[in-house]
Amino acid sequence: MNDTAQQDRVLIFDTTLRDGEQSPGATMTHDEKLEIAGMLDEMGVDIIEAGFPIASEGDFRAVSEIAKNAKNSRICGLARANFADIDRCWEAVKHAEKNRIHTFIGTSELHRAIPNLTMDEMADKIHETVSHARNLCENVQWSPMDATRTEWDYLCRVIEIAIKAGATTINIPDTVGYTAPVESADLIKRLIETVPGADEVIFATHCHNDLGMATANSLAAVEGGARQIECTINGLGERAGNTALEEVVMALKVRNDIMPWHTGIDTRKLMQISRRVATVSGFPVQFNKAIVGKNAFAHESGIHQDGMLKNKETFEIMRPEDVGLSGTSLPLGKHSGRAALRDKLEHLGFEVGDNQLKDVFVRFKDLADRKKEVLDDDLIALMRVGGDDENDALKLVSMKVVCGTGGQAEATVEMEIDGKDISATAFGDGPVDATFKAIRDLHPNQARLQLYQVHAVTEGMDAQATVSVRVEEDGMVVTGQSADTDTVVSSAKAYINALNRLVVRRAKMGEGVDAKEISYRDVT
Ligand code: KIV
Ligand code: ZN
């Protein structure tokens, strides 16, 4: 069952759960991966790259389960150029009605040097491994990693070998985000014209965003003949990330006059999935991010507002509703009931079950007691950070902080750790420093603080602060988040949230799960 190459249809291949999740600190839990995969499937993504099955037990289980649950999308797993990787990948994706093995090897001179293979040796390896994959699965994607820096003749040669060995999709990765749009279009066009058999396969484009050109490069590749774009929600990915799904999809929709190709994506679901990916990955969306940023449809300046009131098209090239944004709506307050809260959350793109609504309602009431008006952004923050989990090993019970000019800050923190209440007092350079030190006294750990970020959710003195804290311990990187009207309380909760995630990861390592995590770049 292969994808048909319709000339006016561009397949969307989402790799949020593989290339996106690989980004340091963006690790998602098993349930979060399943949830995101379900959303991608529902919104019309053609192919979901669900993970890298040999990397860890966790990845294998996630890809297998996503494959079992898939309704419409083709489920793909990544495998390096060896039989063990490919077999493991097949074991995971075989459960899906539509599946794919994606195997790759770095073909540029720099990448060939890592496994120390000559050009001929690598060519043989490509033939063997793609043939092996094709014997297992009728839908095989092959990628020459770092294709855009691979010698032209060699690139043509290895693509021809992969096609002859049975690859059905040839993906051309711009692994380091080096290419410019004219080159991207030209490369795909020339490959299709030159490589024997190219007209029998689909060409894909996979662009990284190191120079901020990933979206432009992907669209240019389509111009050159590619009919599959590889991308991630919010452009999540290593370094500067991957092509953002929402950007290419909306560009093809809004500028269909000059780019006459369409995708199967229900664009009204973009906002909702963007928010969910931001939450579970711990990577907030920048305010001015195209399509899904908080300010993407906000008009502040007087001239813009005046123009918008007279005719929306003066400053808006797409309707907010087309990406799943509701129009402005009235804020909620402490007298608002459950039905109003549910209605508002649905408007914002969150579908909440009865149990979740119960939990959110309690937190909403708590917030409404402290804040006169609960605005849309407050509710989004409430949904993004989630509440306390009763299974958490570490819980904040209370805290008191004294700080000011002339002298050190003092924080007394009381926590429930493994069911026992304990407290500690610590001093620091400021209230956050003192609080984190007290928490560390209560739960000694070696975790190094990599990132501490505070955002005001709305304007005003009573605004909530969302805090993100990223910590690293023995190579494990986790992110914790929280929102509160008190910045120091929010910081403490975010730090504890990150430490809870570390506790879970450490426990899994103890069970042997994920203990043999390997990077897909360790090419064997
Ligand atoms: O960027 C890259 O080259 C990749 C490959 C594994 C396709 O992600
Ligand atoms: Zn990549």
Side-chain angles (χ1 to χ4, degrees), residues 11-24 26 47-55 59 63 76-82 85-86 88-89 93 100-112 114-115 122 125-126 129-130 133 139-150 154-155 158-159 162 167-179 184 187-188 191 201-215 217-218 221 226 228-245 248 281 283 518-524:
L11 299 172
I12 295 296
F13 175 109
D14 181 278
T15 183
T16 306
L17 298 173
R18 199 279 297 169
D19 221 349
E21 209 241 357
Q22 223 163 262
S23 180
I47 305 113
I48 299 174
E49 187 164 50
F52 178 27
I54 203 156
D59 249 36
V63 179
C76 172
L78 185 70
R80 292 167 301 179
N82 65 67
D85 271 45
I86 292 169
R88 191 75 173 145
C89 178
V93 298
R100 173 176 294 185
I101 296 175
H102 175 193
T103 180
F104 75 99
I105 194 161
T107 49
S108 64
E109 196 177 357
L110 283 165
H111 282 269
R112 290 197 302 271
I114 299 171
M122 184 169 281
K125 202 177 181 59
I126 292 165
T129 50
V130 175
N139 194 301
V140 173
Q141 170 165 327
W142 181 72
S143 298
M145 185 162 76
D146 207 14
T148 53
R149 293 192 301 170
T150 298
Y154 191 58
L155 186 62
V158 287
I159 291 175
T168 47
T169 297
I170 298 292
N171 176 39
I172 304 299
D174 183 26
T175 307
V176 290
Y178 179 70
T179 298
S184 180
L187 179 61
I188 300 280
L191 285 172
V201 299
I202 292 180
F203 271 75
T205 177
H206 176 111
C207 301
H208 280 265
N209 201 29
D210 297 70
L211 291 172
M213 294 193 282
T215 296
N217 284 338
S218 301
Q228 175 179 302
I229 296 179
E230 307 210 352
C231 45
T232 58
I233 301 294
N234 299 338
L236 191 68
E238 282 188 86
R239 310 186 309 277
N242 289 62
T243 300
L245 180 147
V248 284
S281 67
F283 276 58
I518 51 172
S519 158
Y520 78 100
R521 299 201 190 282
D522 306 332
V523 182
T524 53

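All ligand and atom numbering here is 1-based and tracks the order in the structure. Count residues from 1 along the sequence.
Ligand 1 has no N or O atom lying under 3.5 Å from any N or O atom of N171, backbone or side chain. Residue contacts with ligand 1: R18 is placed with a nitrogen or oxygen under 3.5 Å of a nitrogen or oxygen of the ligand (distance criterion only).
Relative to the ring axis of Y154, R112 places its NZ or CZ within 45° and under 6.0 Å from the centre.
Taking a cut-off of under 4.0 Å to the non-hydrogen atoms of T175, the atoms of ligand 1 that pass are 1 (O), 2 (C), 3 (O). Distances below 4.0 Å separate heavy atoms of H208 from the following atoms of ligand 1: 1 (O). Ligand-side atoms of ligand 1 in range of H206: 1 (O), 2 (C), 4 (C), 8 (O), range being under 4.0 angstrom from any heavy atom.
Contacts of A214 classified as side chain to side chain contact (heavy atoms under 4.5 Å, CB included), with partners at least two apart in sequence or in another chain: C207, N209, T243. T129 pairs by the side chain to side chain donor-acceptor pair (under 3.5 Å) definition with nothing, not counting sequence neighbours.
When T215, T16, T15, D19 are each tested for a side chain to side chain donor-acceptor pair (under 3.5 Å) with N242, only one passes: D19.
Within D19, OD2 is the N, O or S atom that lies nearest to the Zn ion (ligand 2).
Here the Zn ion (ligand 2) is the vertex; the NE2 atom in H206 and the NE2 atom in H208 give an angle of 100° (to 10°).
Here the side chain of N217 pairs a donor or acceptor atom with the backbone of T179 at under 3.5 angstrom.
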Residue pair S108, D146: steps toward the side chain to side chain donor-acceptor pair (under 3.5 Å) verdict: CA-CA 6 Å; S108 64; D146 207 14; 2.7 Å; yes

